Structure formats: structure tokens, C-alpha cells
Amino acid sequence: MTTACSQGPLQFSIVVPIYNEEENIPELYRRLTLVLEKLCADSRFPKESYEIILVDDGSKDRSWELIRGLHEKDSRVQGLSFSRNFGHHIAITAGMDYAEGEAVVLMDGDLQDPPEEIPKLYQKLKEGFDLVCGIREQRSDNFFRRLASRLFWIIFKGLMRLDIQENQSMLRIMSKRYLSNFKKINEKNRFLAGLFAWAGFNQATIQIKHSPRFAGTSKYNLWKMMKLTFNAVASFSYFPLQLAGILGLVISTVSFVYGVTLIVRRIFLDIDVAGWASTMVAILFMGGVQLAFLGLIGEYIGRIFSEVQRRPLYMIKERVGIKRIDGSFLL
Ligand code: UDP
Ligand code: MG
């Protein structure tokens with residue numbers, strides 16, 4: 001049995017969100033251990049200088065059982081188990097809350113981001129950066145997922161005034177000082193890539209490989225992707241709200257011109273206005289536009305509502321290995 005943190009400071013924390021990944025966990029553990037033990041040896045750290053924090057986001061398969069099993073065999077593996085599914089970005093946030101390493105690595109649990117790239121990220125971090133983010137050279141996903149991702153970045157970059165690079169993977173490494181500052185962000189509807197860019201510090205990117213999933217299927221469905229896109233846009237921009245004003249202005253200008261045209265036609269050309277159909281179309285169109293924008297405003301109000309409720313971001317049902325108890329909630 002290997003005991004974590006028996007000597008020297010903890011150098012690395014690897015945070016991995018897990019949602020129904022039972023087929024991937026053994027392989028993830030095997031490859032991560034190989035990479036991290038070698039990285040520790042090369043950097044002359046003891047091989048206990050790292051922890052792997054697996055955050056089970058309410059899995060319905062045997063993922064949590066496997067995590068507990070791994071912890072019994074190797075106490076460098078630690079685990080948190082959520083009381084239900086809270087979502088990818090929240091699971092990562094929980095892992096970051098408990099990570100104690102000098103450098104903290106985030107990665108997905110399906111091996112799409114190869115663990116073998118971690119040493120490259122660490123080398124770059126040592127050059128004096130606070131956040132080094134992996135950029136996918138080529139995305140190994142199906143056509144629909146690639147298209148969705150492309151559209152997402154077009155919308156996001158079009159609306160945001162953030163210096164943010166496209167094709168970011170979750171695989172990234174950060175310094176302790178970056179993380180302790182980042183933890184002050186406690187908004188609930190969080191879009192991590194945007195917040196990471198917003199936080200500042202010295203950031204760098206490096207190209208990394210992107211593989212197809214080792215096993216299983218994507219845990220993102222169309223609804224989750226749409227929610228993420230809206231979250232991303234709404235957390236960094238009021239543009240959707242301003243759009244109501246812009247559209248209102250355009251429509252009233254067009255209607256004004258049209259109204260004047262009708263009066264001129266009636267008075268000077270004596271052409272009468274027929275048109276039940278056009279009136280109905282105009283009313284329905286305007287009704288639709290107004291309802292759509294009411295809905296949009298509602299979304300923003302909903303976000304304000306969920307922020308002022310101040311509920312905890314996540315609830316933890318069980319944990320293995322993690323001893324520190326954050327004051328913000330009860331375990
Ligand atoms: N995940 C999670 N909670 C969720 C959805 C996903 O913790 O509600 C995890 C999942 O197990 C994986 C990572 O987040 O480790 C990325 O998910 P996925 O591979 O399904 O996303 P994609 O690569 O398709 O964007
Ligand atoms: Mg994936």
C-alpha cells in the first residue's frame with residue numbers, strides 16, 4: 001500500500017470528474033500512475049508526492065465502488081462522491097476545492113486528454129506561468145460534436161471581450177497561487193474556460209493530442225450542451241438583453257417608414273389599404289418577439305435568483321482519503 005503525503009510537500013494534485021466512467025477508471029488509473037511516478041522520479045520528488053482526486057458526480061454505475069477500491073490499494077487516490085449529478089464543471093470545482101498540491105492538474109476522465117501530456121504542461125508551468133492550458137491539435141470527436149463545438153466558439157468569441165483561445169481541452173495545470181485566487185469565485189452557473197481566462201495571471205497554451213474516448217459515450221447530450229452555451233454567454237455578456245433593444249429599434253424604424261408609406265399612398269395615390277393578413281402577421285410576429293425576449297430576461301432573472309439563494313455548489317455523500325473539511329458545507 002502506498003501512503004500519500006508521507007514525506008515532503010504534496011507536489012501534484014490531479015482532479016478528474018467522473019460520471020458513469022466504470023470502463024475508463026482502471027485504465028485511467030494505470031496510465032496516470034505510470035506518468036506521475038515517472039514525473040516524480042524525473043523531478044526528484046518522492047513517489048508519494050501526488051494525489052489523484054476522483055470526483056464521482058452522482059454516477060449510476062460502479063464508478064464509486066472502483067474509486068474506493070483504488071483508494072484501498074493506493075492511498076494516493078482519493079475520492080469524493082456527490083449526492084447526485086451536479087455537472088462536469090461543478091465536479092471539477094469540488095476537486096479544486098480539496099486539491100492541496102503545489103501544481104494542480106485538471107483532466108477529463110475518459111482519456112480523451114492523454115495523461116502522457118502532463119509532463120509537457122508541467123515543464124511549461126515551471127517556466128513561470130500560473131496556468132497552462134492544453135489546446136487540442138485535432139479534435140477526435142464525431143461530426144456533430146465538432147460542429148457543436150465550432151458553433152459554440154464562434155458564438156462565445158463573437159460576444160465576449162475575453163482573450164480566450166479556441167479548442168481548449170480541460171487538460172490544464174495551474175499554480176497554487178492561481179488556484180487559491182480562483183477559489184474566491186463562487187458563482188453557481190459557471191463556465192470554467194471563461195472564468196479561467198477572466199482570472200488573469202500569466203497564462204500559456206500548448207498543443208496537446210486529443211484521442212477518442214477510451215470507452216463509453218459522451219456524457220453531454222444536446223440539452224446539456226445548450227445549457228452550457230447559454231451559461232457561457234450569459235456569464236460574460238449582456239448582449240442577449242441588449243439585442244431586445246436593438247431589435248425593438250429596428251422594428252419601430254421599419255414600422256414608422258411603412259406607416260408613412262401607407263399614409264402617402266392613401267392621401268396622394270388614393271390606394272386603399274387592404275390587409276387583414278398583414279395585420280395578423282405583424283401582431284403575431286411582434287407577440288412572438290416580445291415573448292422570446294421575456295423568456296430571455298427570465299433566464300437572466302433566474303440566474304440572479306439562483307445566485308441569491310446561496311445554496312452550496314455541491315453536496316458530498318461520501319469521501320475516501322480526503323481529510324480536510326472545507327468550512328462551507330457539512331460532510
Ligand atoms: N462528467 C461529469 N458530469 C457530467 C457530465 C460529464 O462529471 O454531468 C465528466 C465525464 O465523466 C468526463 C468529463 O466530465 O470525465 C467530460 O465529459 P464527456 O467526455 O462526456 O464530455 P465531452 O468530451 O463529450 O465533451
Ligand atoms: Mg470526453
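Both counts, for ligands and for their atoms, begin at 1 and track the order of listing. Note that this is a predicted model, so its numbers are computed, not measured. All residue numbers refer to positions in the sequence shown, counting from 1.
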- [ ] Could you tell me whether Asp108 approaches ligand 1 through its side chain, its backbone, both or neither, with non-hydrogen atoms closer than 4.0 Å?
- [x] both
Task: Option with minimal heavy-atom separation from atom 3 (N) of ligand 1, where the choices are Ile18, Asp110, Asp57, Ile90 - done: Asp57
Open item on the list: Any nitrogen or oxygen of Ala91, side chain or backbone, less than 3.5 Å from one on ligand 1?
Closed with: no
Task: salt_bridge(Glu116, Arg31) N-O dist < 4.0 Å - done: yes
- [ ] Please could you name the atoms of ligand 1 that Gly87 approaches to less than 4.0 Å, counting only its heavy atoms?
- [x] 3 (N), 8 (O)
Open item on the list: Holding to side chain to side chain contact (heavy atoms under 4.5 Å, CB included), I want the full list of residues that pass it with Ser169, two or more places apart in sequence or in another chain.
Closed with: Asp113, Arg136, Leu171, Ile208
TODO: May I ask you to list the atoms of ligand 1 that are less than 4.0 angstrom from any heavy atom of Glu21?
DONE: 10 (C), 11 (O), 12 (C), 15 (O)
- [ ] Taking the six-membered ring for Trp and the full ring for Phe, Tyr or His, determine whether the centres of Tyr314 and Phe86 are under 6.0 Å apart.
- [x] no
- [ ] Check whether any N, O or S atom of Asp110, backbone or side chain, sits closer than 2.8 Å to the Mg ion (ligand 2).
- [x] yes
Task: CZ (Phe201) with more than 12 external heavy atoms under 6.0 Å - done: yes
- [ ] Give yes if a backbone or side-chain nitrogen or oxygen of Pro17 is under 3.5 Å from a nitrogen or oxygen of ligand 1, and no if not.
- [x] yes
Open item on the list: Just to be sure I read this right, does ligand 1 sit under 4.0 Å from the backbone of Gln112, its side chain, both, or neither, counting only heavy atoms?
Closed with: side chain
TODO: Could you list which atoms of ligand 1 come closer than 4.0 Å to a heavy atom of Asn85?
DONE: 3 (N), 4 (C), 8 (O)
- [ ] Please work out which of the three classes, parallel, tilted or perpendicular, describes the rings of Phe196 and Phe182, given edges at 30° and 60°.
- [x] parallel
Open item on the list: I want to check something: taking the side chain as every heavy atom from C-beta on, are Lys176 and Val104 in contact at a cut-off of under 4.5 Å?
Closed with: no
- [ ] For Lys209, look at atom NZ and say whether over 12 heavy atoms of other residues, nucleotides or ligands are found less than 6.0 Å away.
- [x] no
Task: Validation row: Glu102, Phe45 side chains within 4.5 angstrom (heavy atoms) - done: no
Task: Nearest neighbour of atom 14 (O) of ligand 1 from the list Met170, His89, His88, on a heavy-atom basis - done: His88
- [ ] Quick one: look at Asn20 and ligand 1, take heavy-atom pairs under 4.0 Å, and tell me if it's side chain, backbone, both or neither.
- [x] neither
